[in-house]
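Letters A, B, ... are given to chains in the order of the sequence lines, protein chains preceding strands, and every chain is numbered from 1. Because the structure is a prediction, the values reported are computed rather than measured. No hydrogens, no waters, no symmetry mates; every other heavy atom, side chains included, goes into these values.
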2 protein chains.
Amino acid sequence: MGITKTKQFTKIQNRKAELYKALGHPARIAIIEFLINQDSCVCGDIVNELPLSQSTISQHLKELKNVGIIKGDIEGVKTCYCIDDKVWAEFDDMCRLFMSSYSEKSKCC
Amino acid sequence: MGITKTKQFTKIQNRKAELYKALGHPARIAIIEFLINQDSCVCGDIVNELPLSQSTISQHLKELKNVGIIKGDIEGVKTCYCIDDKVWAEFDDMCRLFMSSYSEKSKCC
DNA sequence: TTATTTAATCGTAATATTACGATAGAATAA
DNA sequence: TTATTCTATCGTAATATTACGATTAAATAA
């Protein structure tokens with residue numbers, strides 16, 4: 001089917017999965033790493049850096065934008081992509097909580 | 001194409017993406033949450049808990065097992081699934097490093 | 001104005017994912 | 001032995017994802 005039964009799960013479970021899924025592709029990891037490490041946030045610079053076509057990268061940027069991890073600012077002919085502080089913090093909190101909810105003590109086998 | 005150009009990215013980028021991707025489905029989030037919060041780790045109990053068929057859940061369990069997040073122990077007729085401490089720690093470390101590599105100071109727009 | 005640059009979107013092909021029922025195989029119970 | 005229980009796997013259908021070239025649209029440059 002290829003269609004996820006979203007309605008069967010909680011809002012929080014879906015949001016969690018959505019954020020993880022957005023980072024579930026090496027190109028999108030590379031894009032985020034680029035935005036963090038480089039001074040530039042210009043779309044064209046990302047395209048030059050990554051081994052994928054312009055249209056493919058544009059598609060990946062859109063997915064990251066859809067979940068809110070990044071935001072795009074059109075500046076004349078160019079577009080500047082940046083990490084969204086609020087969503088990054090949301091993701092950070094969510095991860096910490098999720099990670100720390102498991103302790104080795106609770107293991108059974 | 002539906003095929004990821006894995007070879008164009010680093011091992012670490014691919015591993016990161018692979019781990020995130022494994023958690024990029026609400027059913028798999030629910031499975032992990034169940035394993036963390038319940039005493040049980042028996043496959044059948046997971047199937048009873050989640051709103052999906054036995055075969056679908058078996059498939060999701062396999063994906064989590066493939067990236068190493070969980071491991072399965074066959075105990076007679078039943079199978080016990082547990083979180084793998086080592087991989088969980090790897091994921092935790094990876095997340096922390098990734099999250100903390102961004103600071104709001106570095107934002108540009 | 002016309003040309004150029006930049007990035008989003010469209011169309012499309014190949015492959016992957018999600019989901020289920022049916023089946024199979026292994027372990028235990030009767 | 002035979003029946004039952006449990007879970008993995010197979011086969012399949014519907015949908016999603018990934019990737020690219022071509023096109024479009026908007027802004028700037030010539």
S.K.: Write down the distance between CD1 (Ile57(A)) and C1' (dA19(D)), rounded to a whole number of angstrom.
M.R.: 11 Å

S.K.: So does Glu63(A) pair up with Lys21(A), basic N to acidic O under 4.0 Å?
M.R.: no

S.K.: Membership question, hydrophobic clusters at under 4.5 Å side-chain separation (ILVMFWY): are Tyr102(B) and Met99(B) in the same one?
M.R.: yes

S.K.: Can Ile46(B) and Ile57(B) be said to form a side-chain contact (heavy atoms from CB on, under 4.5 Å), step by step?
M.R.: CA-CA 8 Å; Ile46(B) 302 173; Ile57(B) 289 171; 4.1 Å; yes

S.K.: Would you say the SG of Cys80(B) sits under 2.5 Å from the SG of Cys43(B)?
M.R.: no

S.K.: One character per nucleotide, please: for nucleotides 7-17 of chain C, 5' to 3', B when the base has a protein heavy atom closer than 4.0 Å, S when only the sugar-phosphate does, - otherwise.
M.R.: BBB---BBBSB

S.K.: Just checking Ile74(B): base, sugar-phosphate only, or nothing, at a heavy-atom cut-off of under 4.0 Å?
M.R.: nothing

S.K.: Let me know the distance between NE2 of His60(B) and P of dA8(D), rounded to the nearest Å.
M.R.: 14 Å

S.K.: Could you report the tightest heavy-atom contact between Ala22(A) and Ile69(A), atom names first, then the distance?
M.R.: CB-CD1, 4.2 Å

S.K.: Can you check the Asp73(A) CG to dA27(D) C1' distance for me, whole Å?
M.R.: 16 Å

S.K.: Can you say whether the rings of Tyr20(B) and Phe91(B) are parallel (under 30°), tilted (30 to 60°) or perpendicular (over 60°)?
M.R.: perpendicular

